[in-house]
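Notes follow once the structure below has been shown.
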Amino acid sequence: MLQNTVDNIAHCNKLRNVNPKLKVIFSIITLLICVLSQSIIVPLIITILMVYLTLFRANVPKKIYLQFMGAPVGFGIITVILMAFIYNQGAPLFSIGLFGFKISASKYGVELGLLIFSRMLGGVSSTLFLTLTTPMTELFFVLKELKVPTVMLDIAMMMYRYVFVLLDEMIRTENAQKTRVGYRNLSTTYKSLGMLASNLFIRTWDRGEVLFTTMSSRCYNGDLKILGKIENPKIVYLLMCTIFWIILISISYITKDFKLLEYINSYY
Amino acid sequence: MWCGIWYLISGVFVAHGIIRLNKIFKENPESKPLIAVAGAFMFVLSSLKLPSVTGSCSHPCGNGLGAVLFGPSVTAVLATIVLLFQATLLAHGGLTTLGANIFSMGIMGPIAGWLVFKSLKGKMNSTWVVMLAAIFADWVTYITTAVQLTIAYPGADPMNTLSIFLGIFAVTQIPLAIAEGLLTALLWDKIKEL
Amino acid sequence: MAIIEAKDIVYKYPDGTLALDRANISVEKGDMVALLGPNGAGKSTLFLHFNGILKPKSGKILLKGAPIKYDAKSLMEVRKTVGIVFQNSDDQLFAPTVKQDVAFGPLNLGLKEEEVEKRVKEALKEVGMEGFENKPPHHLSGGQKKRVAIAGILAMHPEIMVLDEPTAGLDPMGASKIMKLLYKLNKEGITIIISTHDVDLVPIYANKIFVMGKTKIVKSGTVEEVFSDIKTIRSANLRLPRVAHLIEVLNRKEGIDLKMGYTIGEVRHNFEDLFKEHCDF
Amino acid sequence: MAIIEAKDIVYKYPDGTLALDRANISVEKGDMVALLGPNGAGKSTLFLHFNGILKPKSGKILLKGAPIKYDAKSLMEVRKTVGIVFQNSDDQLFAPTVKQDVAFGPLNLGLKEEEVEKRVKEALKEVGMEGFENKPPHHLSGGQKKRVAIAGILAMHPEIMVLDEPTAGLDPMGASKIMKLLYKLNKEGITIIISTHDVDLVPIYANKIFVMGKTKIVKSGTVEEVFSDIKTIRSANLRLPRVAHLIEVLNRKEGIDLKMGYTIGEVRHNFEDLFKEHCDF
């Protein structure tokens, strides 16, 4: 199942032991630079770098990575088309007739669509880099240091654990239903899903009550405390990151007026 | 940038939810594990594949059910964590759009569901009420998304753009919202018996 | 001819971990087969291949000689023929009442109401749970839940019944009753495949044993053939049945020559022979 | 003097069903006690009284001679002294990592970070789970989860450890390892109370047995005392250990006079004596 997949990879990849704070800072700030850049150049550089780091340094299985990238790429293509038609100002690139209407796509829209697409790629690859190399269990420490309110962190930590317990239960029940030919058509599917969800809900509720009992047995008094903390990353690495960011921002500034279509046009 | 603004607005609502949770937990410490597993349930529910008559599939948000059970402000907190987990455990949805998603799925949706629930409660069979609440919670979530997208990318003619986005999100989501309503109703039917 | 056969089944989890690595198993019609092996060997994963819930990465499942297909219609036929009873009854009993739960499968098959009623009644009678029709499953004991779960499969009239650790968590009497029920069903013509940790019960009921190591079948044969290979037994986190262990110890430490046996009945018999030959009573 | 004692415990479920009806149990310091009984007898409910999670309707729990009180402060002392390991490890392991989970109890006791670190390390070493500190529980096998659950209790330095079916669902090797661990902990001074269905393992490890029928204790005593009362054993859905059953059958059917024994070691010994006296080898 997918949930377990990301979690398993995060716990077993080759960059697992790199300081999690460093990974968080690196990917988040890079992500911000990506989102704020005005041309497709920097987002593409970031995408290439992040894909490289994730696939070839962390050794994340390529097949799964492609699956994760599939949906955003699909969305990206739709975005380009959508933007082309929404921003139908300026010189039209081409026009099509649809139900008697003439809809035209604009150059400006395509450029904007491509920009959003590239930012999306950069953003997704940065996020994937973080989530595929850093286990959630370590992100909790980072969240704690970011002063995320304790209640929220407590709930998140318990949720993390029970997501996997409940998923297991859900899949087992689903298999039991499939064995008895549930999900055969739309009506049996709804009947099965309804039973699945309600059965799971009831068990979830029971589980919550039992959990309070077992926690009370260990002197639970209302709040969870996290033991230990994560070291700060070495200054050298932070410095290297900073240099990297400065380079990115510079490239971003230099290439801010770059337009792909114009570039192609001028080429021919 | 709009993504920052959505973060801010969502932050205020979530903070309110946290204050409420703090109060709840002070009064009943046993509700903490309960709410945590309920949150896990919400996440797991969202991984179900819900087919609809049109042949398409969607993932239920569970935000309507959350709103009915815990009220909108607690649901906002749970939805925030669910969305964070979707980003980190499923690689669904990015971190930059998290603020906007919390606003649509964690705040507007639950508020809509909760309002429906409050205003119809007692006036008809509770299963119907819950079903409508879930349908509206889901539907409003997507209407909000359409509005958010229009704000971010108004295009040459904002009204035209809005209608395009509403066409994509609100109209196509109707059968899926009904699907979620059906599932939630089936679920509620069983819970009621307890 | 084998009624069901797994041929070189390879299965990988989405993250790339190998769960099954060319697992082979072959079960004859009318067999009562036990699958032994350590926790996490992949027994449950293998079972999920038997009725097409999981699709192997390579290799195939042959049902009555023909490889199973994975389109919706064929799968329905497969699942009608091969029923799985899962380890945890709570995963399996999801309907509000016993009757509704047992009726779930037959209703999904699209049978008529009267036919469903009839099957539910028969199935509950077969497992000795008449009179519980309107009880909610969570009010039943562990053993009763297991019976209802079995009835839910029986009501689909399967030819093969696969049970994942049917006696886990039951008290000794409950476990023995379930095994007797399965034995009866087997005598009535259903081919039965169970996975279990209870090596003491296996020789009493099973006519064939498969031992699973990590990801594959490492040994198969009759009770004698399997349990005489102590190295494999140990490596699969198993042990001998206690009475067999006793004989092994007696033979080794007392220097006697008692014939090996795996059930109390067998061992008693072998002692009888020994006493006749060597002892003064 | 008994370290923990249940005196005439009566407990009713919220729906009014009687769960315990004057249950009595008394455990000496340093004992390793087994509580046997059918599913649903009330064993788990009784256990929940031992550390004050449930409050009896009447009767009392004496801890080191003094009845336990139910105010927050006293309860904390009680729970420090009596640790419960629950049957389903997933109900107990709630923290994201092994280390956080084991640290939960000690942190609740208000200990300093270094002391907690030390205890976590020791506890994980004791159960053989060093090196798993940063793993999430869902990456562990059933046996490993059980060990971590035990470590979580050990880290609170309890004097009494209560375990609800610690070997349920584990393969034979896994079960035997857990029992060996408990035996070691018992030798190190912790009083241990387990409930179990595994009557074959009980005589090897327990020095005292309680048998629970529906809602109350119906028999208590040493292994010999309890298992010689076959009527009670049967009525509690139990059976004799297999080797004892063998002896019973041999004595009855072969008309010999073999001394009763409950473990393989004992039985071997008794055979040795029998052979010496009556046989020509």
Residues [X] and [Y] bridged, charged N to O under 4.0 Å:
X         : Y         : value
Glu231(A) : Lys21(A)  : no
Asp90(D)  : Lys145(D) : yes
Glu77(D)  : Lys69(D)  : no

Would you mind checking which part of [X] comes under 4.5 Å of any heavy atom in chain A, side chain (CB onward), backbone (N, CA, C, O), both or neither?
X         : result
Leu109(D) : side chain
Glu113(D) : both
Asn51(D)  : side chain
Asn134(D) : both
Met156(D) : side chain
Phe86(D)  : side chain
Ile53(D)  : side chain
Leu54(D)  : neither
His138(D) : both

Below 4.5 Å, heavy-atom pairs only: which of Ile84(D), Thr97(D), Ile153(D), Asp101(D) has the largest tally toward chain A?
Asp101(D)
Between Val116(D), Val85(D), Leu93(D), the one whose heavy-atom pairs under 4.5 Å with chain A are most numerous:
Leu93(D)
Verify, without hydrogens or angle tests, whether Gln144(D) (side chain) and Ser141(D) (backbone) share a donor-acceptor contact under 3.5 angstrom.
yes
Quick one: does [X]'s side chain get under 4.5 Å of [Y]'s, heavy atoms only?
X         : Y         : answer
Val10(D)  : Leu20(D)  : no
Val148(D) : Val127(D) : no
Glu122(D) : His157(D) : yes

Got more than 12 heavy atoms from elsewhere within 6.0 Å of OH, Tyr190(A)?
yes
What part of Met215(A) gets within 4.5 angstrom of chain D, counting heavy atoms only: side chain, backbone, both, or neither?
both
Interface moiety of Phe140(A) toward chain D, non-hydrogen atoms closer than 4.5 Å:
side chain
Check the pair Ser195(D), Gln87(D) against side-chain contact (heavy atoms from CB on, under 4.5 Å), reporting the backbone distance first and the verdict last.
CA-CA 9 Å; Ser195(D) 75; Gln87(D) 179 176 357; over 6 Å; no
Heavy-atom pairs under 4.5 Å with chain D are the metric here; pick the option from Met136(A), Arg207(A), His11(A), Met157(A) that has the most.
His11(A)
